[in-house]
Amino acid sequence: MKGGLSINRASLRKAKRKKLLLLFLVIIILLSIIYTTNKLFINENIDTNQSSKDIVKLLKRNNPNQSHPRLLVSSEEFKKIKDQIKTDPNLKTWYERLESETDTMLNAPTVTYNKSDGVRLLPVSRMVLDRVLSLSLMYQLTGDEKYSKRAWEEMSIVADDYYFPDWNPKHFLDTAEMTTALAIGFDWLYETLDSNQKSILKNAIIKKGLYPAQKVYNNTADSNEITTFWKETTDNWNTVSNAGIALGALAIADESSDTETLAGDILYRSIKSIKNSLQSFAPDGGTSEGPSYWSYSTLYMSYFLSSLDTSLGTDFGLSSLKGISETGYFPIYLDGPKGIFNIGDGSSSSITSTPQMFWLANKFNNPIFSNYGLTKGYNVMNIVWYRSNSTAKSAATNISLDKSFLDPNTGLATFRSSWEDNGIFAALHAGNNQSNHGDLDIGTFVLDALGERWAEEVGSDSYSLDGYFDRGNNRWNYYRKRAEGQNTIVINPSQEPDQNIDAKALITDFNSAPNQGYAVIDMTRAYKDALIAKRGIALTHNRQLVLLQDELQLKTSSEIYWFMHTKAGIEFTDNRKTAILSISGKKMYAHILSPSQAYFANLEASPLKNSPNPEIQTKNNEIRKLSIHLKNVKETNISVIFTSNKNLISSSSSPLPLSSWKQEKVLLPR
């Protein structure tokens, strides 16, 4: 018995060891899978070829037997969209618009290779993308081959070397957007294309899209022939270029062993490169390029991240980068009742469509983003990314009236009296004068009230102007890019740039309370003649009045200009201390509280006498400039209030110093 018991115990120990060994092996396998999926971001120094192969393995595992569609949306999701069109009024409206537009496209002539400004093929690339997206989607929703055949006609032209020898890699955005178009057409119409058509599109994507990009990634591109800076930059060029090329790679990756090698390499490098621009949304979702270029960047970010999800089952943690989940708030808060806060080269018009807001809403389970998207116009991608169950209108009313975006390169603060269209909206910019598409605009502001814009940002000039993007010098010769063309301060104007071109300004104080909100920025670095230059903006007096206050200490007695551009008619009262602004019968009052010797003037929106004045630049004939001009001043506080309630002018006294704003419940004692 003793020996038998000993044998049983030995057997039990042996079995236990086997179980532990098996458990250990299972843990090792699971860790290996997790490592393989995420290794790109565990160790950036891993072997590139090995990680490229891992990406292709993921693609083939998620898309067995070369299955399509895989970009932006899956075949199962297409089925859900078709079902929801029958019951959801938003989808039904958009579908009717899609049907109308694609039926018009059926008889439209195909595009031609045309760089209308001698530089950009971009309008052509965008037309091809719009047509291919729309026609391919219409085919997916109806199964009618007239749409797929027309899309093929468009794609075959741009694939043909005779008609399109290249996709203009010298301006790489053109190449990226054209690659996006053919990638989506190849993917969404895969089942309708014969082997020859697939070969033509695949070869065009490789030759005209992936090969030029690979040269950039490998540092072998001739910068005179291919734009290269986008690989390292943090702006929209990086996002759009990487995203467009990556979609091309995802579409054709599993066509052959050669495409597996090429596409894997492209995808690995694009994922690594695009982190440069996606990290710029930290910490709170803002971007230094302003809302217009936010729209462009985030659309392609959404193309990229959603395609990684649908093709690979993962985006390798890119959507978890700080600020990405919050970036949908950026257009919401920068969009006033009468337009967007159009810093830099942005347009003053509100963003007309934001399909990416539907993708952001779904990705981050935030119905506020979807609600904003529903306030905007039609875009073919609305149909793809909108989900009927993603809206909850009650959530949209539970967000703060005020918001700051504190990254030093972005530096924006916005305030409003309500979310109604006739409410007050005031916004102030700090930021970085070297931001892509940026101006010398530290301290600029916009103001909406009564459904009108009273303080205007004049926006961009022609991109074809000589030296327009030369941020070292020539850009600052153009009025719309100089501080005098903004709603800010100019000190001792001359032929030189009128703010330090390398300056950054920080938001040093921000507060949002039920009855008022305010922000203070430090502009000192923007002015070479300043010891201290600060600007504060407040929406105060129960959010009925806007206070703009500047505190200046200068190195020597100086000449100072205070500027505000407006489309309003201007009249003066009270010895020019009050300006009555009029638009469409509505009135807004601007009143100088300090200094006592200051008064308003009504100037043309044109260069000062001592400023550069290139003959070829846009004239601002519809805009006037409300101005304050001070001479021989070494220290001053300039305080101006804006209100539609005339009674608040007489009841407002001298403002408190900016340093004491945070201690007070009301910034203008009465």
Side-chain angles (χ1 to χ4, degrees), residues 341 343 402 404-415 426-433 439-447 455 483-484 486-493 498-512 516-540 545-564 590 592-596 598 627-630 633-642 652 654-664 666-669:
F341 187 8
I343 57 172
D402 310 322
S404 63
F405 296 93
L406 295 175
D407 178 77
N409 293 311
T410 303
L412 287 160
T414 74
F415 307 89
L428 178 66
H429 182 231
N432 180 358
N433 278 348
D439 298 339
L440 302 182
D441 65 352
I442 288 173
T444 198
F445 72 101
V446 292
L447 173 62
E484 64 180 323
Q486 318 298 319
N487 301 327
T488 190
I489 297 290
V490 172
I491 301 173
N492 296 326
D498 45 5
Q499 282 189 354
N500 178 355
I501 65 173
D502 296 313
K504 288 184 181 181
L506 299 178
I507 298 175
T508 58
D509 196 9
F510 174 85
N511 181 265
S512 178
Q516 70 179 15
Y518 67 83
V520 177
I521 66 173
D522 187 346
M523 307 190 297
T524 307
R525 293 183 179 179
Y527 300 101
K528 61 180 175 39
D529 294 325
L531 296 171
I532 295 175
K534 295 182 179 181
R535 167 165 279 193
I537 194 168
L539 182 55
T540 186
L545 179 147
V546 175
L547 166 64
L548 187 72
Q549 186 164 318
D550 297 297
E551 296 181 358
L552 304 172
Q553 292 182 27
L554 308 177
K555 295 175 182 177
T556 60
S557 294
S558 299
E559 182 180 21
I560 301 169
Y561 282 97
W562 178 103
F563 291 136
M564 187 191 91
I592 301 171
L593 293 177
S594 66
S596 58
S627 173
I628 299 171
H629 185 200
L630 303 175
V633 174
K634 192 171 182 180
E635 182 173 346
T636 189
N637 292 345
I638 304 173
S639 299
V640 179
I641 58 173
F642 303 89
S652 297
S654 297
L656 301 167
L658 295 177
S659 59
S660 65
W661 276 17
K662 65 178 62 178
Q663 281 85 41
E664 301 297 332
V666 178
L667 303 183
L668 288 169

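Only a predicted model underlies this, so the values are computations on that prediction, with no experimental measurement involved. Heavy atoms only: backbone and side chains are in, while hydrogens, waters and symmetry mates are out.
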Can you check whether Y518 reaches T540 side chain to side chain, under 4.5 Å on heavy atoms?
no
Is it true that R535 and D550 make a salt bridge, defined as a side-chain N closer than 4.0 Å to a carboxylate O?
yes
Decide yes or no for L630 and T636: does some side-chain heavy atom of the first lie under 4.5 Å from some side-chain heavy atom of the second?
yes
Using modelled atom types only, decide if a donor and an acceptor are shared between the side chain of T508 and the backbone of V520 within a distance under 3.5 Å.
yes
Could you check whether any side-chain heavy atom of D509 comes within less than 4.5 Å of a side-chain heavy atom of I521, counting everything from C-beta outward?
no
With sequence neighbours excluded, residues passing salt bridge (Lys or Arg N to Asp or Glu O under 4.0 Å) with D441
none
Please report the closest heavy-atom contact between A427 and T414, naming both atoms and the distance.
CB-CG2, 3.9 Å
Any heavy-atom pair between the side chains of D502 and N433 that's under 4.5 Å?
no
Do Q499 and I442 touch side chain to side chain, with heavy atoms closer than 4.5 Å?
yes
So L412 and L428, side chain to side chain contact (heavy atoms under 4.5 Å, CB included) or not? Walk me through it.
CA-CA 6 Å; L412 287 160; L428 178 66; over 6 Å; no
Tell me every residue that passes ring pair (Phe, Tyr, Trp, His ring centres under 6.0 Å) with F415, counting only those two or more places apart in sequence or in another chain.
F510
Side-chain H-bond candidate by donor/acceptor type, S558 with N492, under 3.5 Å
yes
Give a yes-or-no answer on whether the side chains of E484 and Q486 include a donor-acceptor pair shorter than 3.5 Å.
no
Are L656 and W661 packed together at the side-chain level, in the sense that at least one heavy-atom pair is separated by less than 4.5 angstrom?
yes
With no hydrogens and no angle check, do the side chains of K504 and N409 hold a donor and an acceptor under 3.5 Å apart?
yes
Taking the side chain as everything from C-beta on, heavy atoms only, tell me whether I560 gets closer than 4.5 Å to I638.
yes
Minimum heavy-atom separation for G411 and I507, please, with both atom names.
C-CD1, 3.8 Å
Judged by modelled atom types alone, do S639 and N637 share a side-chain donor-acceptor pair under 3.5 Å?
no
We want to know whether E559 and H629 form a side-chain donor-acceptor pair, criterion being a heavy-atom distance below 3.5 angstrom.
yes
Check: Y527 and N500 side chains under 4.5 Å, non-hydrogen atoms
no
